[in-house]
Amino acid sequence: MYPRLLNSLDLQAFTEAARNVPYQQLKAGFFPDLDVWVRRDDLIDPLISGNKAYKLIFNLLDARDKGAKTIITCGGAWSNHIHAIAAAGSRFGFKTIGIVRGERPAKLSATLQDAERFGMQLMFVTRSLYRQRGKEDFLRQVGLELDAAYFVPEGGANLAGVRGIQLLGQVIEETAPVDFDQVWVACGTGATFAGLYSSISSAPVIGVEVLKAGDSTLEQVRRWLGSIYLSSCKGGGDKQVKHQFQLASIDEFLLGGHHFGGYGKYPGELRGFQEFFEVSINTPLDPIYTVKLMAALAKNDDYFGSPYKCRVLIVHSGGLQGRRGYDLSCL
Ligand SMILES: *Cc1c(COP(=O)(O)O)cnc(C)c1O
C-alpha cells in the first residue's frame, strides 16, 4: 500500500485521491463476532493525513479563492492539525502561522519541529489568551490582524471542515467494497462525526469520544448538523423530517466512556492493547484517537449480539505522526 499524494490544490484531484484510498479487511480472529474493515485514510497523504486532509480541503480552496497569502491556526504541541496545515502551506504556497499555548519550550515536540521545518511561524501565547481562541476578536487579541490572512480554527473544526468530511462520506458510499452494517469513527471536536453522520445513509455512523467531553461534543455536533440541514432544506419537506429525526436520536450514536482517563491519556492498559493489536493485525494506530476507537470496538464486540457477523467499517483518521510523542515505533 502506497500513500497517495495530494499534489495539487484541486477538488477533482482530491476526490480522485480519496476514491483511491484502500479498504483493508482485518483478518478474522481479533474481533471474533465481527467482520471489520479499515478504510486507510491515513494513507491519503503522508503529511496532510487522515481526516485533517478532508477538513482542510474546502478551507484551503476558500483561502485561495479569497486571495489569502497566510493561513493562521492554533493547536497543541502534538497537534495533527498544526502538522497538516504547516505541510499544506508549504505544498500549496501559503505562509502559515501556528498559535500554540504556553511558553516556547527549550526543546520543541517533533510535531512542532516539523511544522517549523515546513515553514510555519510558531507563536506561543499565554494560557489565558489561548482560551480566547474561539472568540471573534482572537486574532486582534494576539496581535495578528494581518492583511490577506485566513483563519482556520483548532482541529479544522468549522463548517467548511464538516463539508470536507461529507465529501469523504460520499466517497465511502461510492467506493465501499461490501455493504457495511455500521461505520465507526473517533471523535474529538465531533466535526468528523457530524460530516459522516450527515452524508452516509447506507449505514448508521457511530462516534467514539476520546475525551471527557460530556455534552459539549453533542451540542457542537447538533449545531453543525442544524446548519447543514437548514441550508439544504429549502423546500424539501422530506429532508426536514429526516433532519428532526436525526437530531433527536443523535446522542445514541455517540459513545462516551472510552477515553481512558481523558484526552491524550495513555495508560499501560491502552499501550498493551495497542501493541497486541498491531502485532496481530499489522496496522498502525495513532495513540490519541484511533487506538481508543479500536479499544471501544473490542469492548463492544459482543454487544452486537447477532448470529450474523456484523460488518463494521472503521475510518482510520490518521494521526500517525503523533506516535512519536508516546515512544511508539514507526511501523
Ligand atoms: C483530529 C483527529 C480526530 C478528531 O476529529 P474531530 O473532527 O475533531 O472529531 C480523529 N482522529 C485523528 C487521527 C485526528 O487527528
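Here the structure is a predicted model, which means the values were calculated and not measured. One-based numbering, in listed order, for ligands and for the atoms of each.
Using a 4.0 Å cut-off between a side-chain N of Lys or Arg and a carboxylate O of Asp or Glu, E278 and R323 qualify as a salt bridge. A salt bridge does not link E154 to K52: none of the charged side-chain nitrogens sits closer than 4.0 Å to a carboxylate oxygen. Salt bridge K135/D137: absent, no basic N to carboxylate O contact under 4.0 Å.
Heavy atoms from both the backbone and the side chain of T189 come within less than 4.0 Å of ligand 1.
Although no hydrogens or angles enter the test, the distance criterion places a donor-acceptor pair under 3.5 Å between the side chain of D286 and the main chain of Y289. Here the side chain of R91 pairs a donor or acceptor atom with the backbone of L6 at under 3.5 angstrom. Panel note: side chain D41, backbone H316; no donor-acceptor pair is recorded below 3.5 Å.
Considering backbone and side-chain N/O atoms, N80 comes within less than 3.5 Å of an N/O atom of ligand 1. Any N or O atom pair closer than 3.5 Å counts here, and A186 shares no such pair with ligand 1. Ligand 1 has no N or O atom lying under 3.5 Å from any N or O atom of C187, backbone or side chain.
Looking only at heavy atoms of the protein, atom 9 (O) of ligand 1 is closest to G188 N, 2.7 Å. Protein heavy atom closest to atom 12 (C) of ligand 1, with residue, atom name and distance, is Y289 CD1, 3.2 Å. Ranking the protein heavy atoms by distance from atom 3 (C) of ligand 1 puts N51 ND2, 3.2 Å first. At the top of the distance list for atom 11 (N) of ligand 1, counting protein heavy atoms only, stands S317 OG, 2.7 Å.
Residue contacts with ligand 1 leave out A157, since none of its heavy atoms falls under 4.0 Å from the ligand. Heavy-atom distances between G155 and ligand 1 stay at or above 4.0 Å for every pair. For the pair G318 and ligand 1, a heavy-atom separation below 4.0 Å is found. Within the structure, ligand 1 has K55 among the residues with a heavy atom less than 4.0 angstrom away.
Annotation for ligand 1: atoms under 4.0 Å from non-hydrogen atoms of G319 are 13 (C).
Ring pair Y23/F180 is parallel by interplanar angle, where below 30° counts as parallel and above 60° as perpendicular.
For the pair K212 and F260, the cation-pi criterion (under 6.0 Å, within 45° of the ring axis) is not fulfilled.
Here atom 1 (C) of ligand 1 lies nearest to K52 when heavy atoms of H83, K52, K292, E154 are compared.
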I'd like to know whether F193 forms a side-chain contact (heavy atoms from CB on, under 4.5 Å) with F253, so could you lay out the CA-CA distance, the side-chain angles of the two residues, the decisive distance to 0.1 Å, and finally the verdict. CA-CA 10 Å; F193 172 77; F253 297 97; 4.0 Å; yes
